[in-house]
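Taking it in order: structure first as structure tokens, then the write-up.
These numbers were taken from a predicted model, which means no experiment stands behind them. In what follows, every chain begins at residue 1, and chains take the letters A, B, ... in the order their sequences are listed.
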Number of protein chains: 2
Amino acid sequence: MKYSYADYVPLFKAFADETRLKIVDLLTCGEMCACELLENFNITQPTLSYHMKILSDSGIVKGRRNGTWMYYSNNGEVIDNISNLLFEIRSNKDKCMSKDDGNIQCSRKCCTEAGPPNK
Amino acid sequence: MKYSYADYVPLFKAFADETRLKIVDLLTCGEMCACELLENFNITQPTLSYHMKILSDSGIVKGRRNGTWMYYSNNGEVIDNISNLLFEIRSNKDKCMSKDDGNIQCSRKCCTEAGPPNK
DNA sequence: CCGTTATATAGATAATTGTCTATGCTATTA
DNA sequence: TAATAGCATAGACAATTATCTATATAACGG
């Protein structure tokens, strides 16, 4: 695993807001201009700009200027990165990111003496 | 799509923290007790308890008590829910969640007169 | 029962976040 | 070049978050 946890935090943070989730979902239909996006929310223009900056900075969304208009679209590659992480987590295995850095074998009572039944 | 954006927000929020990401990654290796998890961080026990509550409440992690010890493991089904959403977003198509609720056709200059080239 | 161990809760606090209004910047157009 | 339209930035502010210390609760062992 080449990425660290910290690298994924901004991505999950970008998705951790109802407005931004709806923005990304709207962009699923294709590229949209900022003014069109704005019509779908009860927020002010600066607030939308704030959200678009978070989505752009994280790489989830790509921005393109055409004159005075800004067009936004989803960035599939970055979304794939998140999917890949979830896939790694989903497939229970013996090599988590942390295990690469050292031994996480537990020597406490809870893991040896009685032992966790579900292991 | 049966879920709304708001349903996913707590899930992404749960992942939007470096400590919690590491916890989930550690649990990829299998079930672990709280005390064992704690040894992997420079945080206090109440702080770990706080994080485990967020992960448990969101459904990402399952908790199981055995005497005084708490054992935690990942909940694959909930993680799959997030993966499915990302898959929907990834596959650009003509039916986003919002489109089900109404028309998002844009009648502004930016989308008609000049028109967005990349469409 | 009483002490110990593991975990959870309460309260405090500094940092971050999402929103607004006001304003600045940039590009098109008259 | 002056006015306008679209978007970004600055500053203010209330709400949320992540962390700590202190304390409570729960379960086991003697």
Without decimals, in angstroms, what is the distance between A:Glu36 CD and D:dA5 P? 20 Å
Examine D:dG6: is either OP1 or OP2 under 4.0 Å from a nitrogen or oxygen in the side chain of A:Arg65? Give yes or no. no
I'd like to know if the side chain of B:Arg20 and the backbone of B:Lys22 have a donor-acceptor N/O pair within less than 3.5 Å. no
Ring geometry between B:Phe15 and A:Phe12 (parallel below 30°, tilted from 30 to 60°, perpendicular above 60°): parallel
Enter the distance from B:Met32:CE to B:Met70:CE here, rounded to the nearest 0.5 Å. 14.0 Å
Of A:Thr68 and A:Asp17, the one whose closest DNA chain C nucleotide lies more 5': A:Asp17
Stepwise, does the side-chain contact (heavy atoms from CB on, under 4.5 Å) test hold for B:Tyr72 with B:Leu55? CA-CA 10 Å; B:Tyr72 291 101; B:Leu55 287 171; over 6 Å; no
What integer distance in Å separates B:Tyr71:OH from C:dA6:P? 11 Å
Assign each of A:Lys13 and B:Tyr72 to its nearest nucleotide of DNA chain C by heavy atoms, then name whichever residue's nucleotide is nearer the 5' end. B:Tyr72
Using a 4.0 Å heavy-atom cut-off, does B:Phe41 contact any base of the nucleic acid, only the sugar-phosphate backbone, or nothing at all? nothing
Interatomic distance, B:Met32 CE vs C:dA6 C1' [rounded to whole Å]: 16 Å
Side chain of B:Thr19, heavy atoms from C-beta onward: which of C:dT19, D:dT19, C:dT17 has the nearest atom to it? D:dT19
Hey, is the side chain of A:Lys53 poking within less than 4.0 Å of OP1 or OP2 on D:dA8, counting only N and O atoms? no
For B:Asn66 and D:dA26, give me the distance from atom CG to atom C1', rounded to whole Å. 14 Å
Counting the atoms with a prime plus P, OP1 and OP2 as sugar-phosphate, which does B:Ile54 contact under 4.0 Å by heavy atoms, base, sugar-phosphate, or nothing? sugar-phosphate
What is the nucleic acid contact for B:Leu38, judged by heavy atoms within less than 4.0 Å: base, sugar-phosphate only, or nothing? nothing
Between B:Asn40 (side chain only) and B:Glu36 (backbone N and O only), is there a donor and an acceptor less than 3.5 Å apart? yes
Between D:dA18 (C1') and B:Lys22 (NZ): distance, integer Å: 17 Å
Side-chain atoms of A:Ala34 come closest, of D:dC7, C:dT5, C:dT7, to D:dC7
Expected output: side-chain B:Ser49 to main-chain B:Gln45 donor-acceptor under 3.5 Å: no
Any idea how A:Tyr71 and A:Trp69 line up, ring-wise: parallel (<30°), tilted (30 to 60°), or perpendicular (>60°)? perpendicular
Tell me the interatomic distance from B:Trp69, atom CH2, to C:dT4, atom C1', rounded to whole angstroms. 13 Å
Measure from CE on A:Met70 to P on D:dT9 and round the result to the nearest Å. 10 Å
Just to be sure I understand the geometry, which residues of residues 42-52 of chain B put a non-hydrogen atom under 4.0 Å away from DNA chain C? B:Gln45, B:Pro46, B:Ser49
Length of the CZ-C1' vector between B:Phe12 and C:dT17, whole Å: 18 Å
